Amino acid sequence: MMKSSMISQEKNQADAAHPSMDEPASAGQALRERLKEITCLYEIRRGLGPELSVENVCRQIFEHLIPAMQFPEIATAMIELDGSRFTSENHGQGPAHELQSEIRANNKPCGRLCVFYPEDIPFLVPEEQRLIDAVASDLERWFERKQIDEALRERLKEITCLYEIRHGMGLELSVDNVCQQIFEHLIPAMQFPEIATAMIELDGRRFTSENHGRYRTHELQSEIKANNKPCGRLCVFYPEDKPFLVPEEQRLIDAVASDLESWLDRKRLEQTLVSIAEEHQRSIGQELHDNLGQQIASIGYQAKALEKKISASGSVDAATVAASIATQAQIAVMQCKQLAQGLLPFELETNGLMGALRAFASRISITYKITCDFVCKNEVIIKDKNLSLNLYRIAQEATNNAIRHGRAQHVTISLVSEGGKLCLSIRDDGGGFAGFNTKYGASPGMGIKIMQYRARQLGAILEFLSHSEGGMEVRLEMRLEMRTG
């Protein structure tokens with residue numbers, strides 16, 4: 001205890017001595033912890049497929065929840081659900097204390113999720129409790145959905161409906177397309193598909209199926225929530241003289257609405273991840289530009305002044321060393337400036353996407369001593385700043401990966417707009433990205449995942465292609481209404 005107290009006192013003294021350094025470090029730590037939580041929730045929600053067994057889902061939760069805790073190397077977890085118990089590795093090896101969250105299904109307790117630390121290690125409350133509650137809430141929704149799926153197993157149309165919608169949600173990229181796909185599969189699964197119509201209201205927008213509003217009708221509906229707040233509803237309509245098959249059809253509508261909620265949550269998590277990554281890059285770029293670069297420049301000026309002073313005193317060797325310091329400081333300032341330009345793409349504001357990509361290619365050639373070309377046969381003008389920024393970041397990440405991981409010596413960035421379709425291509429002569437599977441798009445790298453998140457936000461298709469003649473291509477394609485010259 002005495003040793004621990006002394007360490008704590010020393011830490012407090014150090015904190016008091018360097019408050020200006022601790023504040024950015026604390027903010028950076030908080031940002032990293034937030035990123036871990038969001039990644040944990042995203043990966044868990046993405047993997048909560050209705051086809052999985054309870055045991056597989058619990059194992060998947062352990063796989064992503066424990067690394068998101070403050071002390072993942074000593075944390076263990078347990079899930080009790082519907083009379084069964086599932087534990088993570090090394091659970092039960094010594095005294096422990098816990099944080100837990102109740103799991104409910106159909107408004108009835110059906111289990112709990114617990115995370116354990118050794119008795120001498122404190123939890124990070126309330127942050128870790130909120131994360132455990134969020135995971136338990138996701139597990140609740142998944143478990144309720146699974147019970148509904150099992151109850152509907154006898155009805156082939158309904159099962160086919162849910163499968164097709166869920167499968168399509170993994171492929172569709174825009175809200176409009178997802179809603180139309182829901183109508184395409186939900187209406188045929190109803191008792192009277194030839195006269196049924198449907199409507200989805202979402203964040204102030206309304207989407208309807210064909211022939212909606214032609215008859216006097218009655219309806220079944222299900223509320224759609226985002227972050228536990230109502231954001232819309234899904235409704236199915238029959239003419240007044242046709243009865244609904246309640247509760248079966250109501251359960252189906254609820255299940256589809258729940259799937260739409262999960263899809264919306266996943267999209268919002270992707271947007272948050274991209275936003276955090278962008279803010280992190282801007283913060284580092286600003287620090288390089290405003291602080292570190294200026295300090296290094298100051299060192300260079302002082303070294304230059306020192307060189308003159310030493311030369312005047314006749315000490316040639318010392319003057320040579322001072323001159324070398326000044327030269328190296330000048331080079332470091334240029335490198336800081338180039339890094340800041342990459343992290344804060346000022347060219348996007350002044351010269352647009354074409355100018356920014358052309359400047360980026362030139363900067364890559366100079367910095368890495370390789371050939372990096374930008375090709376754009378016809379002028380492409382994009383007025384949407386968010387679209388331009390995301391396209392630039394994708395090109396930036398793909399190029400950096402080609403150089404750092406693929407060891408490419410020649411990179412070509414091309415931008416083409418033809419027939420209302422935009423294509424951005426980054427092709428190299430390197431050896432590919434380490435650990436990346438071009439067929440399934442699987443990679444452990446966060447940079448590639450964020451590229452995929454950005455593409456989905458744009459409603460674009462992002463492909464990673466290996467060519468028989470060697471090298472790799474990152475290709476993005478999307479429909480776009482724009483002015484070209």
Side-chain angles (χ1 to χ4, degrees), residues 32 35 39 270 273-289 292-293 332 334-348 353-376 387-415 423-438 441-458 460 462-467 470-476:
R32 286 191 293 272
L35 183 59
T39 302
E270 290 176 354
L273 280 168
V274 170
S275 176
I276 288 176
E278 190 65 40
E279 183 59 33
H280 195 50
Q281 286 182 300
R282 287 184 178 276
S283 176
I284 294 173
Q286 204 70 49
E287 183 69 23
L288 286 171
H289 184 271
L292 185 60
M334 292 299 297
Q335 290 175 339
C336 279
K337 184 178 179 181
Q338 289 173 352
L339 287 171
Q341 287 174 340
L343 294 166
L344 298 169
F346 302 112
E347 297 95 343
L348 278 175
L353 180 62
M354 286 181 60
L357 289 176
R358 187 176 289 110
F360 172 70
S362 175
R363 195 160 57 244
I364 287 292
S365 295
I366 295 170
T367 302
Y368 294 101
K369 304 295 188 294
I370 68 167
T371 303
C372 185
D373 299 319
F374 173 67
V375 179
C376 187
L387 173 57
S388 294
L389 178 61
N390 279 300
L391 291 173
Y392 179 87
R393 291 299 190 202
I394 289 171
Q396 185 181 47
E397 182 67 31
T399 302
N400 288 332
N401 281 341
I403 296 169
R404 293 173 185 171
H405 302 300
R407 302 189 182 280
Q409 293 300 307
H410 191 174
V411 179
T412 301
I413 303 169
S414 63
L415 185 67
C423 177
L424 172 67
S425 169
I426 304 90
R427 184 164 179 176
D428 64 73
D429 63 352
F433 303 163
F436 187 77
N437 186 315
T438 56
S443 169
M446 197 62 182
I448 290 176
K449 289 182 180 179
I450 290 180
M451 274 200 287
Q452 293 169 329
Y453 301 160
R454 289 184 186 275
R456 280 197 283 267
Q457 279 192 38
L458 302 177
L462 185 68
E463 296 180 293
F464 298 85
L465 309 171
S466 291
H467 293 279
M472 187 168 184
E473 180 182 8
V474 178
R475 174 185 288 268
L476 178 143

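Positions are given from 1, in the same order as the sequence printed here. None of the values given here were measured: they were computed from a predicted structure.
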If every non-hydrogen atom of [X] is compared with every non-hydrogen atom of [Y], which pair is closest and at what distance?
X    : Y    : answer
A356 : Y392 : O-CE1, 3.7 Å
F464 : Q452 : CE1-NE2, 3.9 Å
A361 : C372 : O-CB, 3.5 Å

Does [X] use its side chain to pair, donor to acceptor, with the backbone of [Y] at less than 3.5 Å?
X    : Y    : answer
N390 : R454 : no
T412 : D373 : no
S362 : R358 : no

Just verifying a value: how many Å separate [X] [atom1] and [Y] [atom2], rounded to the nearest 0.5 Å?
X    : Y    : atom1 : atom2 : answer
S466 : E473 : OG    : CD    : 10.5 Å
R407 : D429 : CZ    : CG    : 13.0 Å
H410 : S365 : NE2   : OG    : 8.5 Å
I403 : I370 : CD1   : CD1   : 3.5 Å
I394 : L476 : CD1   : CG    : 5.0 Å
E463 : S425 : CD    : OG    : 10.5 Å

Any heavy-atom pair between the side chains of [Y] and [X] that's under 4.5 Å?
X    : Y    : result
L424 : V474 : no
T399 : D428 : no
M451 : L462 : yes
N401 : I448 : yes

- Message: For Y453, give me all partners under ring-ring contact (aromatic ring centres under 6.0 Å, His included), at least two apart in sequence or on another chain.
- Response: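 Scan of Y453 (ring-ring contact (aromatic ring centres under 6.0 Å, His included), adjacent residues dropped) gives Y42.
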- Could you pull out all residues at least two apart from R404 that satisfy salt bridge (Lys or Arg N to Asp or Glu O under 4.0 Å)?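 With sequence neighbours excluded, R404 shows a salt bridge (Lys or Arg N to Asp or Glu O under 4.0 Å) to no residue whatsoever.
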- Verify side-chain contact (heavy atoms from CB on, under 4.5 Å) between L391 and L458, making sure each step is shown before the conclusion. CA-CA 9 Å; L391 291 173; L458 302 177; 4.1 Å; yes
